[in-house]
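These notes concern the structure reproduced below.
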Amino acid sequence: MGLPLPGLWLKRLWVLFQVGLHVAMGKVLLTLFPRRVKQNILAMSEKTGMAKNPHFSYENWIPTFFSAQYFWFILKVRWQRLEDMTEQGGLAPNCPVVRLSGQRCNIWDFMQDGWAFKNNVDIKNHQHLQDRLRAARLLLDRSPQCPVVVDTMKNQSSQLYAALPERLYVLQDGRILYKGKPGPWNYHPEEVRAVLEKLHS
């Protein structure tokens with residue numbers, strides 16, 4: 001289960017080097033060639049569909065790239081992916097989560113019944129479970145068509161599912177039917193729709 005401790009730390013050091021180099025090179029390129037970087041990022045957002053979202057304009061997110069906060073967030077995400085324990089078709093981790101009522105349960109019970117862009121919903125890092133529950137209530141204001149639960153403050157669900165910054169899963173009967181790639185660049189809700197439609201056909 002997982003990498004042996006020395007192997008994990010060697011991989012973490014390698015990821016630290018990669019992320020540091022990525023951020024340093026990005027900062028240099030953004031400074032020397034701002035127009036070219038803007039063109040590349042806009043082309044990527046077109047390709048991934050992010051350009052269709054009016055809340056994700058270039059001015060909202062490019063100034064946040066290659067900052068110290070960006071570095072630490074990307075490092076955290078990449079380190080977390082080293083410990084990704086999920087596989088499509090494999091057993092889904094049964095992590096503890098909390099309903100908005102405060103009731104504690106596990107993700108399987110739920111199945112049955114961090115860096116932010118500018119102009120995004122302003123949610124600070126959660127210090128307590130109440131902060132996290134308050135943030136989740138913002139989602140409820142948008143009337144989602146599904147129950148909403150939050151991770152515990154130990155972030156076990158986020159770690160076991162390698163869910164930072166976002167990742168889509170379809171779970172059924174304790175199994176992972178679909179494991180999406182990490183977002184926001186590889187976030188494909190249409191794949192989830194296809195899996196769900198196939199399940200209900």
Side-chain angles (χ1 to χ4, degrees), residues 3 8-84 86 114-127 131-132 134-142 144 148 150-151 153 155 157-169 178-194:
L3 296 167
L8 177 60
W9 279 105
L10 285 174
K11 288 192 174 201
R12 282 186 172 190
L13 283 173
W14 177 242
V15 167
L16 174 65
F17 171 76
Q18 289 177 321
V19 172
L21 183 63
H22 164 78
V23 170
M25 290 295 295
K27 192 69 146 174
V28 167
L29 291 173
L30 190 58
T31 302
L32 295 177
F33 310 105
R35 267 194 319 187
R36 182 68 179 150
V37 170
K38 180 177 180 178
Q39 288 172 341
N40 285 342
I41 291 175
L42 290 176
M44 187 185 318
S45 68
E46 282 287 335
K47 182 178 169 186
T48 62
M50 283 184 69
K52 296 176 186 172
N53 185 338
H55 299 291
F56 287 103
S57 68
Y58 175 85
E59 292 75 21
N60 286 338
W61 41 289
I62 281 303
T64 69
F65 277 21
F66 314 121
S67 64
Q69 293 90 347
Y70 173 86
F71 168 80
W72 289 113
F73 181 78
I74 297 299
L75 185 63
K76 179 180 175 181
V77 168
R78 294 278 310 276
W79 277 357
Q80 186 182 80
R81 288 187 192 150
L82 292 175
E83 300 181 58
D84 181 0
T86 60
W115 163 63
F117 298 128
K118 286 185 178 180
N119 197 27
N120 199 0
V121 176
D122 189 18
I123 299 173
K124 305 293 182 204
N125 283 334
H126 306 135
Q127 302 301 315
D131 297 338
R132 191 162 279 182
R134 214 172 1 264
R137 285 188 182 92
L138 294 173
L139 177 61
L140 285 181
D141 291 343
R142 296 175 184 253
V148 175
V150 299
D151 204 351
M153 293 309 293
N155 296 317
S157 297
S158 179
Q159 290 170 350
L160 292 177
Y161 284 93
L164 277 176
E166 57 196 16
R167 187 172 234 163
L168 298 172
Y169 281 89
Y178 171 82
K179 176 183 178 180
K181 294 180 180 166
W185 308 116
N186 297 308
Y187 192 69
H188 299 290
E190 67 278 2
E191 293 176 359
V192 172
R193 178 183 294 273

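At a cut-off of 3.5 Å, with distance as the only test, no side-chain donor of Asn40 or Arg35 sits close to an acceptor on the other residue. Checking Gln80 against Ser158 by side-chain atom types alone, a donor-acceptor pair falls below 3.5 Å.
For His22 and Phe66, the distance between ring centers is under 6.0 angstrom.
Separation of atoms NZ (Lys38) and CG (Leu30) is listed at 11.5 Å; rounding is to 0.5 Å. Separation of atoms NZ (Lys181) and CG (Leu168) is listed at 13.0 Å; rounding is to 0.5 Å. Atom CH2 of Trp14 and atom CZ of Arg78 lie 10.0 Å apart (nearest 0.5 Å). Leu10 CG to Leu82 CG: the interatomic distance, rounded to the nearest 0.5 Å, is 11.0 Å.
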**OP:** Give the C-alpha distance, both sets of side-chain angles, the deciding distance and a yes or no for ring-ring contact (aromatic ring centres under 6.0 Å, His included) between Tyr161 and Tyr169.
**Re:** CA-CA 9 Å; Tyr161 284 93; Tyr169 281 89; 4.9 Å; yes
Original post:
Asn155 and Arg132: side chain to side chain contact (heavy atoms under 4.5 Å, CB included), yes or no, with the steps?
Top reply: CA-CA 11 Å; Asn155 296 317; Arg132 191 162 279 182; 2.9 Å; yes
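Across all non-hydrogen atoms, the minimal contact from Arg167 to Gly180 is NE-O, 2.7 Å.
Annotation for Arg137: atom CZ counts as buried by contact number, over 12 foreign heavy atoms lying within 6.0 Å. Within a 6.0 Å sphere centred on CE of Met25, other residues, nucleotides and ligands contribute 12 heavy atoms or fewer.
Residues Phe71 and Val23 are in side-chain contact: their nearest non-hydrogen atoms beyond the backbone lie under 4.5 Å apart. Looking at heavy atoms from C-beta onward, Lys27 lies out of side-chain contact with Leu32 at the 4.5 angstrom threshold. Between Phe73 and Val77 the shortest side-chain heavy-atom distance falls below 4.5 Å. Between Leu75 and Leu16, some side-chain heavy-atom pair lies under the 4.5 Å cut-off.
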